[in-house]
Amino acid sequence: MNTNDSKCPRKIIAKNLHDLPRSGIRDFFDVVSSMHDVISLGVGEPGFDTPWHIREASVFALEKGATGYTPNLGLLKLREACSAYVKKTFQIDYSPKEEIIITVGVSEALDLAIRALVDPGDEVLYHEPCYVSYAPVIRLAYGKPVPIPTQKEDHFRLTRDQLEEKVTSKSKILILNFPTNPTGATLPSKDLADIAAFICKHNLIVITDEIYAELSYEEPHVSIASFPGMKERTLFLHGFSKAWAMTGFRLGYACAPPEIIEAMMKIHQYTMLCAPILSQEAAYEALQKAETDIAAMRDAYRKHRNFMCASFQKMNLPYAEPQGAFYAFPNIKDLECSSQEFALKLLEKEKVAVVPGSAFGASGEGYIRCSFATSLDDLKEAMVRIARFLARR
Amino acid sequence: MDELLNILKTNALETPENLAKMLNQTEEEIKAKIAEYEKNGVIRGYQAVINEDQLDTHYVTAVIEVKITPQREGGFDHIAKRISKFSEVQSVYLMSGAFDLLLFVTDKDLKNVASFVSEKLATINGVISTATHFMLKPYKNHGILMESHDEYERLKVSP
Ligand SMILES: Cc1ncc(COP(=O)(O)O)c(C=O)c1O
């Protein structure tokens with residue numbers, strides 16, 4: 001028994017955290033940080049600076065004295081702007097007063113969502129390779145992560161059949177993230193409709209991480225929340241980090257039925273109080289000119305994507321063309337090394353940083369994630385170096 | 001605007017090979033398109049954007065507002081085209097508002113610009129008046145900042 005007996009000092013760190021592995025990205029980050037002149041395709045953020053009018057608006061807000069707390073749910077004008085934007089872009093209607101909460105990034109929104117919904121032992125389904133936070137956030141809430149591996153051959157799509165295989169009586173939540181970090185996968189409407197039917201049949205709740213929604217290169221993105229009957233059982237998470245290049249502002253929001261927002265609000269209110277006011281002012285400005293800003297970035301990324309894919313093709317590096325987000329996820333299985341070894345060798349020999357696919361779950365092993373949201377000059381040089389690296393092997 | 005033109009507008013030196021990769025076309029298609037744009041005059045030339053402040057040249061640039069009377073045939077065109085022919089005139093724009101033409105004129109020194117204005121420009125039949133402003137320092141030209149600042153260091157790896 002673990003008691004407070006002074007002769008038997010108790011473990012300092014909580015057990016639940018003890019069992020949680022360190023993110024693979026952090027180890028790799030430490031190696032990269034110790035080197036100079038590295039060209040990085042390893043960042044999960046845009047290479048652009050935040051558009052100037054947004055930065056300017058936050059400076060103006062600071063000058064005006066926007067230095068206090070905001071309401072817990074966030075500035076009402078920002079919630080109204082989010083509501084209008086979501087309605088216009090995704091055709092889903094959320095009430096700014098009771099169905100939207102402004103959070104510190106999608107990161108916080110995800111944590112609130114999981115904590116608001118998961119009881120110990122509840123199973124949470126999600127497709128993998130996936131964003132690094134999903135499994136840890138579920139585990140921190142004493143839920144059970146149930147990853148569903150997706151394959152390059154299917155363009156990393158998620159199908160109803162795969163879901164039916166993993167669902168149990170304990171399944172409560174499905175997390176969707178399309179376009180996907182790290183694979184760039186998107187989901188056609190037809191597949192989404194199938195998944196919506198699956199969700200209703202098994203009475204699940206969906207958390208949809210829409211952070212890359214604007215960065216869809218072939219077809220406009222469709223959200224699962226816009227399917228009939230889905231709004232009531234969907235948590236729609238979105239933020240400003242990717243499409244507006246605002247990662248450092250740390251701003252996101254969650255839209256959901258009032259009951260769920262109220263539950264998330266309880267946690268948010270006691271743990272975060274509110275999102276930073278300057279970031280909220282900046283986000284409000286971002287939504288005033290959303291279309292022009294985003295169109296410019298999307299067009300640039302599309303060219304970068306084409307460039308990267310054409311380069312990989314020349315190197316005979318197998319990949320599934322990313323339809324969204326800003327990552328390519330080429331396969332390096334033929335090279336007979338782990339993705340971690342590949343990334344370390346590439347870094348050592350050619351000073352190009354990519355992220356080992358294994359950081360995104362077991363099914364990411366054998367892949368590397370390459371961001372094409374860098375400057376074109378860096379991208380060109382990185383492609384030359386990777387080609388040289390592969391040719392020398 | 002065509003994506004190809006968009007890219008060339010920001011970097012005219014982009015190679016056909018890279019353009020082909022970015023636009024999902026073959027190099028031959030790209031070369032043919034560029035040749036076509038050059039031939040039909042959509043692409044009118046290629047220039048480097050230079051920060052003259054960094055050079056030891058003593059050229060001066062004047063921005064000149066010109067009021068003119070439109071002519072019976074050809075409106076403003078005739079005079080505008082005539083003014084455009086002078087080699088010291090870099091740019092000519094027809095404007096709305098308090099004056100009609102805006103000129104950018106570059107010459108060796110102030111005196112030369114002054115004599116261009118008084119002897120050549122002001123004497124053109126139809127030019128009513130001119131207002132000359134001298135440019136002191138360029139900050140941004142053709143969408144490009146004339147001074148680079150240190151980039152804020154970003155993380156090299158993040159999720
Ligand atoms: C899929 C996905 N979800 C969430 C996040 C976190 O975003 P935020 O900056 O809004 O916390 C990221 C960032 O990389 C991401 O890729």
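Order of the sequence lines sets the chain letters (A, B, ...), proteins ahead of strands, with each chain counted from 1.
- Between chain A and the options B/Asn6, B/Leu19, B/Leu155, the largest number of non-hydrogen pairs under 4.5 Å is found for B/Leu155.
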task = Output, in order, the C-alpha distance, side-chain angles, deciding distance and verdict of side chain to side chain donor-acceptor pair (under 3.5 Å) for B/Glu65 and B/His133.
result = CA-CA 8 Å; B/Glu65 303 165 2; B/His133 314 269; 3.1 Å; yes
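- Contact annotation for A/Leu41: neither backbone nor side-chain heavy atoms come within less than 4.5 Å of a heavy atom of chain B.
- B/Arg154 has a carboxylate O that lies under 4.0 Å from a charged side-chain N of A/Asp49, or vice versa, which qualifies the two as a salt bridge.
- Taking A/Lys380, A/His304, A/Met35 one by one and counting their heavy-atom pairs under 4.5 Å with chain B, the maximum is reached by A/Lys380.
- Neither the backbone nor the side chain of A/Ser371 comes within contact range of chain B, judged by heavy atoms closer than 4.5 Å.
- Side-chain N/O atoms of A/Asp209 and A/Tyr134 include a donor and acceptor closer than 3.5 Å.
- A/Tyr217 and A/Asn306 share no side-chain donor-acceptor pair at under 3.5 Å.
- Looking at A/Tyr131, only its side chain comes within 4.5 Å of chain B, counting heavy atoms on both sides.
- In this structure, chain A has no heavy atom under 4.5 Å from any part of B/Gln25.
- A/Ala359 approaches A/Val132 most closely through the heavy-atom pair O-CG1, 3.4 Å.
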